[in-house]
Amino acid sequence: MILTCPECKSRYVVNSTVLLPNGRTVRCAKCKNTWFEKKPKEDVEIIPSDDENVKSDNIQNPEKNINNNNSDNTEIEEDFDFPISQPRKRKRPIPKGSNLPALQNQKYGSGKMGWISLVIFLTAIISLFLIFQESISSSWPASKKLYAAIGLDGAEIEVKPEAPYVDPIEERLVIGGLAPRRENINGVANLVIAGHVENISDSQQDIPDLRIRLLDERNTVLREWSFQANQTFVNTGEKVAFETSLPNSPNDARDISVTFATN
């Protein structure tokens with residue numbers, strides 16, 4: 001009868017009577033694998049195999065593979081008090097040139113908790129640094145420079161009151177009644193410009209300086225000057241007159257612009 005090792009496929013010729021009456025546990029002499037071999041069927045004829053993988057010395061001496069003869073090829077043993085032990089897994093070899101220790105796999109959760117702990121720790125340190133600013137500054141004077149660098153030098157910041165909203169001057173005061181004329185004053189020709197400033201708001205308004213520009217055909221400024229009206233304020237609904245003159249005004253002046261000097 002021919003037995004085949006299920007692990008390494010080595011084949012052995014044995015006498016079928018050694019498997020009677022209920023089969024036996026056998027072990028491969030080559031790979032030391034152990035398995036239970038059932039007894040042969042009664043109608044199976046024992047014929048040696050001519051396969052080249054069958055050991056020739058086993059064919060000539062079938063009894064040589066029985067455990068009773070202490071052979072080195074195949075061992076057959078009772079499966080009573082000898083449990084089959086699982087082969088130990090071989091440790092993975094370290095690659096050549098590597099002197100680093102093997103690192104165990106770390107779970108993602110542990111790394112995440114580490115970052116959370118670090119953020120909490122830094123938050124606590126910064127909070128204490130801000131809460132106990134006065135105590136830290138008194139015990140550690142050098143920290144004042146650090147507080148000053150981040151805008152916490154402890155100096156009182158002057159808060160200026162927010163200026164009340166004021167409507168644009170054009171919505172409070174209006175320039176009108178312009179009447180330019182030429183007049184000879186002390187033998188010198190002057191351009192005289194007169195008009196008024198009207199208060200159209202609901203309260204008394206200060207009158208800023210007035211600005212006059214003389215323009216040519218291309219709107220190029222030929223002359224420009226500023227002056228004050230006859231008074232510095234005007235009541236609601238009232239008008240304040242103004243008048244100014246320019247001696248020897250340019251003859252090519254074609255337009256006059258009167259505005260407030262604040263514009």
Side-chain angles (χ1 to χ4, degrees), residues 123 125-263:
T123 304
I125 293 297
I126 295 174
S127 301
L128 293 175
F129 189 74
L130 297 178
I131 293 173
F132 299 100
Q133 175 181 350
E134 184 176 354
S135 301
I136 294 175
S137 298
S138 59
S139 59
W140 183 28
S143 63
K144 294 181 180 179
K145 295 182 179 180
L146 178 59
Y147 283 114
I150 60 178
L152 298 174
D153 54 352
E156 295 184 0
I157 301 175
E158 182 181 358
V159 179
K160 296 182 179 180
E162 185 177 356
Y165 175 76
V166 179
D167 293 332
I169 193 169
E170 292 82 2
E171 297 181 8
R172 296 179 284 120
L173 299 175
V174 175
I175 299 173
L178 294 179
R181 68 180 186 275
R182 292 190 179 273
E183 185 177 341
N184 193 343
I185 302 175
N186 298 326
V188 179
N190 283 263
L191 174 64
V192 180
I193 302 172
H196 65 263
V197 176
E198 181 180 0
N199 184 0
I200 59 174
S201 68
D202 297 332
S203 61
Q204 178 181 300
Q205 298 293 326
D206 295 331
I207 301 176
D209 291 346
L210 300 173
R211 178 185 296 119
I212 292 182
R213 293 188 179 98
L214 298 182
L215 309 174
D216 61 6
E217 295 179 352
R218 300 179 180 180
N219 288 329
T220 302
V221 178
L222 300 177
R223 296 287 179 86
E224 178 180 345
W225 73 96
S226 299
F227 67 98
Q228 178 65 48
N230 295 343
Q231 65 184 50
T232 58
F233 66 90
V234 56
N235 294 323
T236 302
E238 295 183 356
K239 298 178 182 179
V240 173
F242 65 83
E243 183 176 297
T244 184
S245 62
L246 176 66
N248 299 321
S249 62
N251 296 327
D252 54 348
R254 296 292 181 269
D255 195 7
I256 298 173
S257 171
V258 182
T259 60
F260 294 106
T262 55
N263 296 339

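In what follows, every heavy atom counts, from backbone to side chain, and hydrogens, waters and symmetry copies are set aside. Note that the structure is predicted; figures quoted are calculated from it, not measured.
For the residue pair V240 and A229, the shortest heavy atom distance occurs at CG1-CB, 4.3 Å. For P208 against F260, the heavy-atom pair with the smallest separation is CG-CD2, 3.5 Å. Across all non-hydrogen atoms, the minimal contact from S127 to T123 is OG-O, 2.8 Å. Nearest heavy atom pair, residue R223 against residue P247, reads NH1-O, 4.4 Å. Between L178 and I175, the closest heavy-atom pair is CD2-CG2, 4.3 Å. Here the closest heavy-atom approach between residue F227 and residue T244 is recorded as CE2-CG2, 3.6 Å.
With values rounded to the nearest 0.5 angstrom, W225 atom CH2 is found 8.0 Å from S245 atom OG. Residue L246 holds its CG atom at 7.5 Å from CG of N190, rounded to the nearest 0.5 Å. Rounding to the nearest 0.5 Å places CD1 of I126 at 11.5 Å from CD1 of I131. Here the CG-CZ distance, from N219 to R213, works out to 11.5 Å after rounding to the nearest 0.5 Å.
Annotation: salt bridge (charged side-chain N to carboxylate O under 4.0 Å, His left out) contacts involving residues 232-241, sequence neighbours excluded, are absent. Each salt bridge (charged side-chain N to carboxylate O under 4.0 Å, His left out) pair with one or both residues in residues 180-191, not counting sequence neighbours, appears once here: R181-E183, R181-E243.
Put simply, the side chain of L222 reaches to within 4.5 Å of the side chain of D252, judged on heavy atoms. Using a 4.5 Å heavy-atom cutoff, the side chains of Q205 and I169 are not in contact. Inter-residue side-chain proximity for N199 and L173 is flagged as met; some heavy-atom pair is nearer than 4.5 Å. Looking at heavy atoms from C-beta onward, L214 lies in side-chain contact with L191 at the 4.5 angstrom threshold.
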- Output, in order, the C-alpha distance, side-chain angles, deciding distance and verdict of side chain to side chain contact (heavy atoms under 4.5 Å, CB included) for F242 and V258. CA-CA 11 Å; F242 65 83; V258 182; 4.3 Å; yes
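With a 6.0 Å radius and a threshold of 12 heavy atoms from other residues, nucleotides or ligands, D167 has its CG atom above the threshold. A 6.0 Å sphere centred on CG of N184 holds more than 12 heavy atoms belonging to other residues, nucleotides or ligands.
Contacts of F129 classified as ring pair (Phe, Tyr, Trp, His ring centres under 6.0 Å), with partners at least two apart in sequence or in another chain: Y147.
T236 places a side-chain N or O within donor-acceptor distance of the main-chain N or O of S203, the cut-off being under 3.5 Å. Looking at T220, its side chain never comes within 3.5 Å of a backbone N or O of D216 through a donor-acceptor pair.
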